[in-house]
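Let me begin by presenting the structure, written as structure tokens, before commenting on it.
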Number of protein chains: 2
Amino acid sequence: MTTETEPARRPLNRSRVVQAAVAIADREGVDALTMRKLAGELGYEVMSLYNHVANKDDLLDAMVDAVAAEIDIPSADNPWKTAVRSIAMSAHDVLLRHSWASALWSSRWPGPARLRHMESILVALERAGLPAGAVDMGFHAITMHVQGFTLQKLSFGLAANLDESAARFLREVPADDYPRLTGHVHYHLAGSSQPGAFGFVLDLILDGLAPA
Amino acid sequence: MTTETEPARRPLNRSRVVQAAVAIADREGVDALTMRKLAGELGYEVMSLYNHVANKDDLLDAMVDAVAAEIDIPSADNPWKTAVRSIAMSAHDVLLRHSWASALWSSRWPGPARLRHMESILVALERAGLPAGAVDMGFHAITMHVQGFTLQKLSFGLAANLDESAARFLREVPADDYPRLTGHVHYHLAGSSQPGAFGFVLDLILDGLAPA
DNA sequence: ACCTGAACACCGTTCAAGT
DNA sequence: ACCTGAACACCGTTCAAGT
């Protein structure tokens with residue numbers, strides 16, 4: 001019976017494997033991503049994956065690069081500060097969307113999309129006409145800001161989970177021992193936390209690099 | 001034969017377990033840390049560990065807190081900027097010493113030592129007499145800076161491995177496609193990378209928070 | 001209270017075999 | 001060229017048994 005009711009499987013390829021892996025990590029976290037589950041979700045056996053991916057390490061590298069590909073690259077006719085700002089904002093957004101990616105970001109070898117992303121930051125900074133070495137230091141300041149800030153936001157349970165995390169904190173941590181920290185959590189709970197904190201500190205860095 | 005030549009085993013306890021785990025992670029990376037290896041190194045069987053640690057998750061939390069305990073807390077009679085600066089510098093040093101810790105930092109629930117560390121930053125910032133909300137935002141700016149910068153330094157192979165990482169980069173990444181990135185790597189290779197970049201950007205943030 | 005051995009339900013990956 | 005099943009060497013952890 002070759003003409004069965006079962007739907008014809010779409011053929012597997014590298015980008016379908018990577019895409020499905022990203023979807024699982026987005027949905028359940030990167031720890032829940034196993035080769036067996038990934039294969040099952042695609043409708044194949046585990047070992048089929050190894051025709052399109054060298055191993056799990058290779059898969060993780062590819063996933064990070066797929067995320068990097070989502071980051072905008074501004075056109076060259078914007079003023080340099082606008083360009084750097086838009087790259088940083090876009091990277092921040094993308095990393096928040098894929099909450100597992102920030103943690104892998106620094107430990108994975110960069111693929112083509114991430115190389116293009118890094119290059120675009122350097123290109124924009126170079127247009128600022130900074131003194132020697134300032135471009136290189138600015139590069140680190142910017143990328144560090146994006147990664148550090150994103151990690152920080154994610155660490156305390158983003159948006160939906162913020163109330164839950166804060167409640168757990170206030171329940172488990174004695175306010176008498178850590179009064180300011182308790183106050184800081186209340187600041188977040190009150191919803192008064194600056195939505196523009198990311199951009200504010202970013203501007204501190206940009207203005208520091210090229211004082212008016 | 002109770003009086004054998006074999007050395008009497010020192011009794012196990014939580015802090016010995018955590019300390020040994022930190023030593024393994026420092027030496028071989030956190031991925032190489034398995035419960036079996038940890039037990040073996042201490043001279044016990046695997047399941048003995050579970051008398052002192054709830055599970056591996058608990059162990060990792062405890063390891064991060066052991067690292068946090070190494071960070072200096074300045075006395076209250078320093079000027080606030082000096083205090084914040086010394087906390088940040090010390091945290092940066094400590095995280096560089098335990099190269100696996102930065103990656104866990106944000107995802108682990110804080111223990112007492114890390115709570116004290118966070119509290120100390122808030123205490124120092126509060127002495128600056130900043131406008132409302134600035135303390136809370138400054139707190140994030142500082143901790144983000146420390147974590148982001150440390151991760152960044154570690155990601156490109158610290159000190160000893162920098163030449164190796166750079167060489168691999170120049171070998172694998174075509175200079176024609178990424179000219180500025182290639183230039184940036186040469187900047188690092190030339191040893192001209194600012195040793196004080198961490199402090200420089202930190203001062204940008206501090207000065208931005210409290211303009212003179 | 002602390003330590004141990006066997007066992008269980010998982011992992012990623014190798015290898016030989018199919019089409 | 002791509003897919004599969006069985007097998008291997010690992011994991012963390014449960015459980016019952018020892019002292």
Side-chain angles (χ1 to χ4, degrees), chain A residues 1-4 6-25 27-66 100 103-104 107-109, chain B residues 1-4 6-25 27-66 100 103-104 107-109:
Chain A
M1 301 300 131
T2 56
T3 55
E4 268 295 355
E6 64 201 7
R9 292 190 304 186
R10 287 164 57 209
L12 224 46
N13 58 52
R14 182 171 236 260
S15 89
R16 278 196 67 211
V17 169
V18 173
Q19 207 176 325
V22 168
I24 292 176
R27 193 179 352 110
E28 309 174 39
V30 76
D31 285 342
L33 174 68
T34 69
M35 299 302 272
R36 282 169 168 88
K37 163 177 278 184
L38 176 57
E41 208 140 302
L42 286 161
Y44 285 82
E45 300 302 318
V46 205
M47 292 314 301
S48 303
L49 301 174
Y50 288 82
N51 288 304
H52 308 97
V53 135
N55 48 38
K56 194 172 184 182
D57 225 56
D58 181 34
L59 174 63
L60 289 170
D61 281 345
M63 289 168 67
V64 168
D65 214 52
W100 48 273
L104 295 183
S107 60
R108 294 280 136 195
W109 192 257
Chain B
M1 299 302 132
T2 57
T3 55
E4 267 296 355
E6 63 201 10
R9 291 191 303 186
R10 286 164 56 208
L12 224 46
N13 58 51
R14 183 170 235 261
S15 89
R16 278 196 67 210
V17 169
V18 174
Q19 207 176 324
V22 168
I24 292 175
R27 194 180 350 111
E28 307 174 40
V30 77
D31 284 343
L33 174 68
T34 70
M35 299 302 271
R36 282 169 166 89
K37 164 178 275 185
L38 175 56
E41 208 141 299
L42 286 160
Y44 284 82
E45 300 301 318
V46 204
M47 292 315 300
S48 303
L49 300 174
Y50 288 82
N51 288 303
H52 307 97
V53 135
N55 47 39
K56 194 172 183 182
D57 224 56
D58 181 34
L59 174 63
L60 289 170
D61 281 344
M63 289 168 67
V64 168
D65 214 52
W100 48 275
L104 295 182
S107 59
R108 294 280 136 194
W109 192 258

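Lettering follows sequence order; numbering is per chain, from 1. The figures that follow rest on heavy atoms only: side chains count, while hydrogens, waters and symmetry mates do not.
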| Donor-acceptor pair, Arg16(A) side chain versus Pro11(A) backbone, under 3.5 Å? | yes

| said: In this structure, how many angstroms lie between the C1' atom of dC11(D) and the CE atom of Met35(A), rounded? | reply: 17 Å

| query | Can you check whether Leu104(B) reaches Met63(B) side chain to side chain, under 4.5 Å on heavy atoms? | reply | no

| Reckon Ser48(A) has a side-chain N or O less than 4.0 Å from the OP1 or OP2 of dC2(D)? | no

| field | Spacing of Ile24(B) atom CD1 relative to dC11(D) atom P, expressed in whole Å | value | 12 Å

| query | Can you check the Lys56(A) NZ to dT14(C) C1' distance for me, whole Å? | reply | 18 Å

| request: Send over the distance from Met47(B) CE to dA17(D) P, rounded to a whole Å. | output: 16 Å

| request: Write down the distance between CG (Asp57(A)) and C1' (dC11(C)), rounded to a whole number of angstrom. | output: 15 Å

| remark: Checking dC3(D), dG12(C), dG12(D) against the side chain of Arg36(B) (C-beta onward), the nearest is dG12(D)

| said: In whole Å, I'd like the distance from the CG atom of Leu59(A) to the P atom of dC11(C). | reply: 15 Å

| task | Could you check which nucleotide pairs with dC2(D) in any of the strands shown, counting Watson-Crick or G-U wobble with both distances under 3.5 Å? | result | dG18(C)

| Quick one: which of dA7(D), dC3(C), dG12(D) gets closest to the side chain of Leu12(B)? | dC3(C)

| Does atom CD of Gln19(B) have more than 12 heavy-atom neighbours from other groups under 6.0 Å away? | no

| query | Using purine N1 to pyrimidine N3 plus N6-O4 or O6-N4 for Watson-Crick, or N1-O2 and O6-N3 for G-U wobble, each under 3.5 Å, what pairs with dT13(D)? | reply | dA7(C)

| message | Tell me whether the count of non-hydrogen atoms from other residues, nucleotides or ligands lying under 6.0 Å of CD in Glu28(A) goes above 12. | response | yes

| task | Please determine, for the side chain of Glu45(B), which listed nucleotide (dT4(C), dG5(D), dT13(D)) has the closest atom? | result | dT4(C)

| OP1 or OP2 of dC3(D) under 4.0 Å from side-chain N/O of His52(A) | yes

| field | Shortest non-hydrogen contact from Ala66(A) toward Val22(A) | value | CB-CG2, 4.5 Å

| query | Which whole-number value in Å describes the distance from Asn51(B) CG to dC15(D) P? | reply | 15 Å

| Nearest-neighbour nucleotide for the Tyr44(B) side chain, dT4(D), dG12(C), dT4(C) considered | dT4(C)

| Nucleotide nearest Tyr50(B) when distance is taken to its side chain, options dG12(C), dT14(C), dG12(D) | dG12(D)

| Given atom CG of Asp31(A) and atom P of dG12(D), what is their separation to the nearest angstrom? | 13 Å

